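Worksheet for the structure shown next.
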Amino acid sequence: MVRLLPVVAVALALACGGALAARLDLDAVNQAQFSDSEPKDVDPMLVKAQILLDRARFSPGLIDGRLSDNFAKAVAAFQAANGLPSDGKLTRETWDQLAATSAEPVLVTYEVKAKDVRGPFTRRIPARMERMAHLRRLGYRSARERLAERFHVSEQLLRILNPGSGFTKAGKALVVPDVGRAPPPAAIASVEVDKASRQVRALDPSGKPLAVYPASIGSEEKPAPSGAAEVRRVVHDPTYRYDPKFAFKGVRTKRPFTIAKGPNNPVGSVWIDLSIESYGIHGSPDPGKIGTTYSHGCIRLTNWDAEDLAAMVKPGTKVEFKDETAQDGQAQ
């Protein structure tokens, strides 16, 4: 564990509405206590709660210090697992139980390594998939993006926690979330894909959730499947092969193509192949959209949550799709 260092407090004007952020530094977040007042912007209490949820595998998705649907769903899942009313609201009782899950500081300092800033980076990634196929690798766009993903944090919050940093120099100390989760269970009984709540759950034999992740699950254009499936294999650092029969909106070519490996590949850093042809659980190049947009039929998680789940499953692990009654959101 890297040693803790104090950092200078900062109040930065945020782009959204020009509002001032609450004091956000290592001490403010590590020492944050529960407050009944509803945070209106990036807040130390929310940063701390999100990191604790992430550690406990009730993933809030991207750690950004803001109230969101993904955060409320993670809180509700934690509440249900701990015998509390599962309304998704961060109550004092919920806070106390969440704080009791870990005594370690939630923010620590990390010394930037040469490999973090060395690259190679893919600074320009086309929006259209067929143009992505011309790239040799779909790598991170910058060292800041790589560091943000490593610590499950939004790039904006990473900047706020490290004012003045260019994220380009090895040896520099950065303030980052300590998102070290306990080793994953050696095996799980099954995976549940809940279309209504837009969550994926890893379950033990009794049906108790061992991990809960926000997910983007299917769309009207290409719905997610129903019923039961099983894991066939796990592929790390996958390529992406587009078949014209998918007929995705926005893809104009009628020819198949392959997109190279990399964390910004359309299926991210890992592909969990399912027994239903062309369907899988996979990562994402855009963690901020997980749970708020649709997918092209598959089940999309943040790269770090997909990698966490991939460490728990094996060929033959059962996957059950829970059908939904309604969807909301924006097709993606």
Side-chain angles (χ1 to χ4, degrees), residues 1-2 24 26 29-30 32 42-75 77-78 90 98 101-102 104-113 115-116 139-162 165 167 174-184 198-202 210-216 236 262-264 268-270 281-292 300-312:
M1 181 70 67
V2 287
L24 277 166
L26 184 146
V29 174
N30 283 339
V42 180
D43 184 87
M45 179 183 70
L46 293 181
V47 175
K48 186 172 183 176
Q50 288 175 345
I51 296 170
L52 289 171
L53 285 165
D54 186 288
R55 281 185 192 169
R57 287 192 167 89
F58 294 90
S59 174
L62 195 65
I63 295 169
D64 61 3
R66 298 176 181 272
L67 292 173
S68 66
D69 286 344
N70 283 345
F71 175 66
K73 290 174 185 177
V75 169
F78 177 83
L90 188 60
L98 186 57
T101 61
S102 176
E104 296 295 324
V106 294
L107 290 184
V108 296
T109 57
Y110 170 76
E111 184 177 304
V112 178
K113 307 294 189 295
K115 64 181 181 180
D116 295 325
Y140 292 112
R141 293 176 178 86
S142 65
R144 185 178 66 205
E145 184 184 41
R146 170 183 278 164
L147 289 162
E149 181 151 306
R150 174 171 182 171
F151 296 106
H152 308 181
V153 65
S154 72
E155 290 187 55
Q156 182 192 53
L157 181 55
L158 189 63
R159 288 196 302 267
I160 293 173
L161 291 171
N162 297 281
S165 175
F167 304 97
L174 297 180
V175 175
V176 298
D178 180 358
V179 289
R181 295 168 173 170
R198 296 190 185 184
Q199 289 179 314
V200 169
R201 305 180 186 99
L210 299 170
V212 181
Y213 312 109
S216 293
H236 293 278
N264 277 314
S269 61
V270 66
I281 303 172
H282 62 82
S284 169
D286 198 341
K289 291 184 177 180
I290 295 301
T292 65
R300 184 182 299 167
L301 311 177
T302 64
N303 277 339
W304 55 87
D305 285 341
E307 290 165 6
D308 195 51
L309 181 63
M312 300 183 202

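Side chains included, hydrogens not; waters and symmetry mates left out as well; all remaining heavy atoms used. Since this is a predicted model, take the numbers as computed values, not measurements.
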Between V112 and F167, does the side-chain contact (heavy atoms from CB on, under 4.5 Å) criterion hold? Intermediate values first, please. CA-CA 8 Å; V112 178; F167 304 97; over 6 Å; no
Is there a donor-acceptor pair closer than 3.5 Å between any side-chain N or O of [X] and the backbone N or O of [Y]?
X    : Y    : result
R159 : S165 : no
Q50  : G65  : yes
N70  : G61  : no
R201 : A211 : no
T101 : L98  : yes
R146 : K115 : yes
N303 : S269 : yes
N264 : G139 : yes
D116 : K113 : yes

Kindly indicate, with the supporting measurements, whether the criterion side-chain contact (heavy atoms from CB on, under 4.5 Å) is fulfilled by V47 and V106. CA-CA 9 Å; V47 175; V106 294; 5.8 Å; no
Nearest 0.5 Å, what's the [atom1]-[atom2] distance between [X] and [Y]?
X    : Y    : atom1 : atom2 : result
L309 : S59  : CG    : OG    : 11.5 Å
E149 : L147 : CD    : CG    : 11.0 Å
F151 : L174 : CZ    : CG    : 8.0 Å

Between D305 and R300 (salt bridge meaning N to carboxylate O under 4.0 Å), is one present in this structure?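 Judged by the 4.0 Å cut-off on N to carboxylate O distance, D305 and R300 do not form a salt bridge.
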Salt-bridge present (R66, D43; N to O < 4.0 Å):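 Salt bridge: no.
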I would like to know whether L62 and T302 meet side-chain contact (heavy atoms from CB on, under 4.5 Å); could you show each step before the answer? CA-CA 8 Å; L62 195 65; T302 64; 5.8 Å; no
Classify the side-chain pair Y213/D308 by whether it contains a donor and acceptor separated by less than 3.5 Å. yes
Hey, are Q156 and D64 close enough side-chain-wise for a donor-acceptor pair under 3.5 Å?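 Side chains of D64 and Q156: no pair found under 3.5 Å.
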Which residues pass the salt bridge (Lys or Arg N to Asp or Glu O under 4.0 Å) test with E145, not counting sequence neighbours?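 If we apply the salt bridge (Lys or Arg N to Asp or Glu O under 4.0 Å) test to E145, skipping adjacent residues, the hits are R141.
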